[in-house]
Amino acid sequence: MEIQAINETYLRDKKAVINLTKKLVQIPSVYRENDPEGNETKVAMFVAAYLENIGIETYVEEVVPGRPNVIGVIDSGKPGKTLLFEGHTDVVTEGNREAWTYDPFSAEIVDGRMYGRGTNDTKGNLACMITAVQSLLLDKEVFNGKIILCIPVDEEGLMLGIKHFIKQGWADGVDGAIICEPAENKICIAQRGAIRLQVDVFGKMAHGAMSWSGINPNWRMARLIVELEKLEKEEQQRLGEDPFLKWPSITPTILKAPVKGDAQINVIPDHCMMTLDIRTIPAQDHDELLGKINTIIEKLKKDDPDFKVKLTVLDNRPATSTSKEDPVVQATYEAVRNVTGSEPMYNGVPGATDGTFLYMHEVPIVTIGAGDRDIPHQINEYVDIEELAVTTAIYREAALHFLNSGGGDE
């Protein structure tokens with residue numbers, strides 16, 4: 001991506017964002033349930049100290065023990081709109097360290113790329129949003145209203161951090177939010193929704209050689225999986241391919257039997273469990289889709305009196321869609337065009353982000369950031385360091401466009 005004009009501010013911010021990204025990646029923040037060090041505490045405390053050091057009003061709020069949100073507020077002292085930047089501190093597991101070319105927490109820079117867990121998703125973009133605001137302060141840029149930096153925990157889990165942020169009232173009165181996630185600096189105005197389900201099928205334990213003396217939950221779960229695959233294909237055929245989000249999907253992820261105790265080849269288990277990761281597009285209604293799944297289950301139960309099943313909704317987040325005419329989208333569009341000298345491209349987010357909950361809180365959202373969208377959660381995760389500099393410049397320009405464009409409560 002070419003930059004229209006390389007200037008001193010750009011070069012200064014590039015150096016700062018690379019250094020900050022490196023420091024963030026070098027602080028592991030994988031959530032590990034049974035590890036007292038396995039949380040976001042250290043990186044959150046580093047971020048809080050960094051914000052305070054550059055003169056930003058900073059708040060630290062513990063969501064659950066060892067997992068604090070960090071919030072930064074930059075108030076111009078003048079009436080106007082409120083813009084929110086959001087970037088999370090947690091990262092997914094590094095997996096098998098031996099499979100990495102470089103240590104996942106070393107932030108090695110090789111041939112213009114920084115490697116490490118979180119470089120792409122999304123510590124690089126977290127560094128971009130902080131550096132962009134720091135740049136505004138250093139240059140004493142004039143703007144109206146205020147900027148809120150939302151830096152939550154647990155985006156890779158059940159999104160406890162953003163839920164807590166909203167519950168505490170921080171999102172009230174926010175006029176627009178930029179979600180800082182890897183999107184190749186495309187302007188993502190839609191994202192898929194998510195329904196996470198747990199399906200428990202119960203049977204009767206018995207000897208594998210005498211199957212008639214038991215009730216095998218695995219057969220019943222298999223029938224359900226086959227019917228759900230048919231439902232996925234029906235939904236895809238009914239709705240077609242979304243221009244930004246591609247296809248809706250129903251994906252079995254975990255399949256376990258028995259659920260408790262040891263598995264044995266000659267033993268029929270008494271309990272089979274499956275999880276479903278369902279991803280939706282804006283044209284789908286979640287209640288209607290859940291109704292279709294329940295209809296399938298009721299039919300299977302009617303056909304088989306021994307079919308005993310329990311369905312639990314673990315998470316339910318709608319798909320999002322923001323108008324191209326919304327001020328936060330327009331400000332981001334102008335920023336991309338001004339920084340790159342190229343016509344911006346619209347797109348969508350294939351997964352769900354913390355922005356879903358802001359959208360549900362009636363905050364218009366747009367997702368944009370550095371990083372190849374196919375790289376998150378992979379071995380040898382990386383980000384191009386030049387792209388970090390471009391993204392920082394885009395965030396900086398977007399803030400000025402949005403806050404100084406009129407409207408709001410001026």
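For residues 117-132, the pairs satisfying salt bridge (charged side-chain N to carboxylate O under 4.0 Å, His left out) are R117-E381, with sequence neighbours left out. Listed by first then second residue, pairs satisfying side chain to side chain donor-acceptor pair (under 3.5 Å) with a partner in residues 361-371 read D172-H361, not counting sequence neighbours. Counting only residues at least two apart or in different chains, side chain to side chain donor-acceptor pair (under 3.5 Å) contacts with residues 159-171 comprise E61-W170. Screening residues 64-75 for side chain to side chain donor-acceptor pair (under 3.5 Å), with sequence neighbours left out, gives E40-R67, R67-D154. Sorted by first and then second residue, the pairs that involve residues 104-114 and meet side chain to side chain donor-acceptor pair (under 3.5 Å), not counting sequence neighbours, are R113-Y382, R113-D384.
Taken to the nearest 0.5 Å, the CG atom of L231 stands 6.0 Å off from the CG atom of L289. Summarising the geometry, atom OG belonging to S135 is positioned 9.5 Å from atom CD belonging to E397; distances are rounded to the nearest 0.5 Å. Interatomic distance, CD of E155 versus CD1 of I162, reported as 9.5 Å (0.5 Å rounding). Atom CG of L24 is separated from atom CD1 of I130 by 6.0 Å, given to the nearest 0.5 angstrom. Distance CG/D304 to CH2/W219: 13.0 Å, rounded to 0.5 Å. If you take CG on L51 and CD1 on I151, they are separated by 5.0 Å, rounding to the nearest 0.5 Å.
Within the 4.5 Å cutoff, the side chain of H88 has heavy atoms near those of the E181 side chain. In this structure the side chain of L290 reaches within 4.5 angstrom of the side chain of L197, judged on heavy atoms. Proximity of I365 to T322: side-chain heavy atoms (C-beta onward) are separated by under 4.5 Å at one or more points. Residues I147 and F402 form no side-chain contact, since every pair of their non-hydrogen atoms from C-beta on lies 4.5 Å or further apart. Side-chain contact between V309 and L300: absent, with no pair of heavy atoms (C-beta onward) separated by less than 4.5 Å. In this structure, the side chains of F46 and L20 come closer than 4.5 Å at one or more pairs of heavy atoms. Between D175 and P327 there is no side-chain heavy-atom pair separated by less than 4.5 Å. A heavy-atom distance below 4.5 Å is not found between the side chains of V47 and L149.
For Q237, the CD atom sits in a loose shell: 12 or fewer heavy atoms of surrounding residues, nucleotides or ligands are nearer than 6.0 Å. In M45, the CE atom is crowded: over 12 heavy atoms of neighbouring residues, nucleotides or ligands sit closer than 6.0 Å. By the neighbour-count criterion of 12 heavy atoms within 6.0 Å, atom NZ of K146 is sparsely surrounded, having that number or fewer from other residues, nucleotides or ligands. Annotation: K256, atom NZ; neighbour count of heavy atoms from other residues, nucleotides and ligands within 6.0 Å does not exceed 12. Heavy-atom neighbours of E343 CD from other residues, nucleotides or ligands within 6.0 Å: above the threshold of 12.
E141 and R396 are joined by a salt bridge, as a carboxylate oxygen and a charged side-chain nitrogen come within less than 4.0 angstrom of each other. The pair K233-E229 counts as a salt bridge, with a side-chain nitrogen and a carboxylate oxygen less than 4.0 angstrom apart. Note on K292 versus E234: no salt bridge recorded, every NZ/NE/NH1/NH2 to OD/OE distance being 4.0 Å or above.
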Side-chain donor-acceptor distances from residues 241-251 under 3.5 Å, at least two apart:
from : atom 1 : to   : atom 2 : distance (Å)
D242 : OD1    : F244 : N      : 2.9
D242 : OD1    : L245 : N      : 2.9
S249 : OG     : R192 : NH1    : 3.4

Considering only distance and modelled atom types, tabulate donor-acceptor pairs under 3.5 Å from the side chains of residues 257-274, sequence neighbours left out.
from : atom 1 : to   : atom 2 : distance (Å)
Q264 : NE2    : N266 : OD1    : 3.1
H271 : NE2    : D200 : OD1    : 2.7

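When every heavy atom of A16 is checked against every heavy atom of T131, the shortest pair comes out as CB-CG2, 3.9 Å. Heavy-atom minimum distance, G369 versus E387: O-OE2, 4.2 Å. Residues V60 and A48 come closest through the heavy atom pair CG2-CB, 3.7 Å. Considering every non-hydrogen atom in both P252 and I225, the closest pair reads CG-CG2, 4.4 Å. A pairwise comparison of heavy atoms in N39 and G66 identifies CG-O, 3.1 Å as the closest pair. Smallest separation of non-hydrogen atoms from A352 and R279: N-NH1, 3.4 Å.
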- Item | Chi angles and distances behind the side chain to side chain contact (heavy atoms under 4.5 Å, CB included) call for Y359, R317 | CA-CA 10 Å; Y359 179 86; R317 292 175 260 149; over 6 Å; no
- Start with the C-alpha gap between T392 and D13, add the side-chain angles, then the distance that decides, and say whether side-chain hydrogen bond (donor to acceptor under 3.5 Å, both in side chains) holds. CA-CA 7 Å; T392 301; D13 293 348; over 6 Å; no
- Message: Between K301 and I297, does the side chain to side chain contact (heavy atoms under 4.5 Å, CB included) criterion hold? Intermediate values first, please.
- Response: CA-CA 6 Å; K301 287 167 69 176; I297 290 173; 3.7 Å; yes
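The backbone N or O of Q284 sits nowhere less than 3.5 Å from a side-chain atom of E288 that would complete a donor-acceptor pair. Of the possible donor and acceptor atoms, none in the side chain of D354 sits under 3.5 Å from a partner among the backbone N and O of I179. A donor-acceptor pair under 3.5 Å links the side-chain atoms of E184 to the main chain of R373, judged by distance alone. Looking only at distances, no side-chain donor or acceptor of T89 sits under 3.5 Å from a matching main-chain atom of A44. Of the possible polar contacts, none joining the N53 side chain to the A49 backbone as a donor-acceptor pair under 3.5 Å is found. With T356 contributing its side chain and T353 its backbone, the two residues share a donor-acceptor pair below 3.5 Å. Listed for the S76 side chain is a donor-acceptor partner under 3.5 Å among the backbone atoms of G145.
Every residue two or more places apart in sequence or in another chain that forms a side chain to side chain donor-acceptor pair (under 3.5 Å) with Y50 is listed here: Q134. Listed by chain and residue number, N380 satisfy the side chain to side chain donor-acceptor pair (under 3.5 Å) test with T101 (two or more places apart in sequence, or in another chain). Residues that satisfy the ring pair (Phe, Tyr, Trp, His ring centres under 6.0 Å) test with Y333, not counting sequence neighbours, are Y346. Under the salt bridge (charged side-chain N to carboxylate O under 4.0 Å, His left out) criterion, K22 pairs with no residue at all, not counting sequence neighbours. In this view, F357 satisfies the ring pair (Phe, Tyr, Trp, His ring centres under 6.0 Å) rule with no residue, not counting sequence neighbours.
Looking at Q330 and H401, their side chains never bring a donor and an acceptor atom within 3.5 Å of each other. There is no side-chain donor-acceptor pair under 3.5 Å between R196 and T253. Side-chain atoms of H286 and T280 form a donor-acceptor pair, as typed in the model, at a separation below 3.5 Å.
The only option from V349, N125, N185 that meets the side chain to side chain contact (heavy atoms under 4.5 Å, CB included) definition with I368 turns out to be N185.
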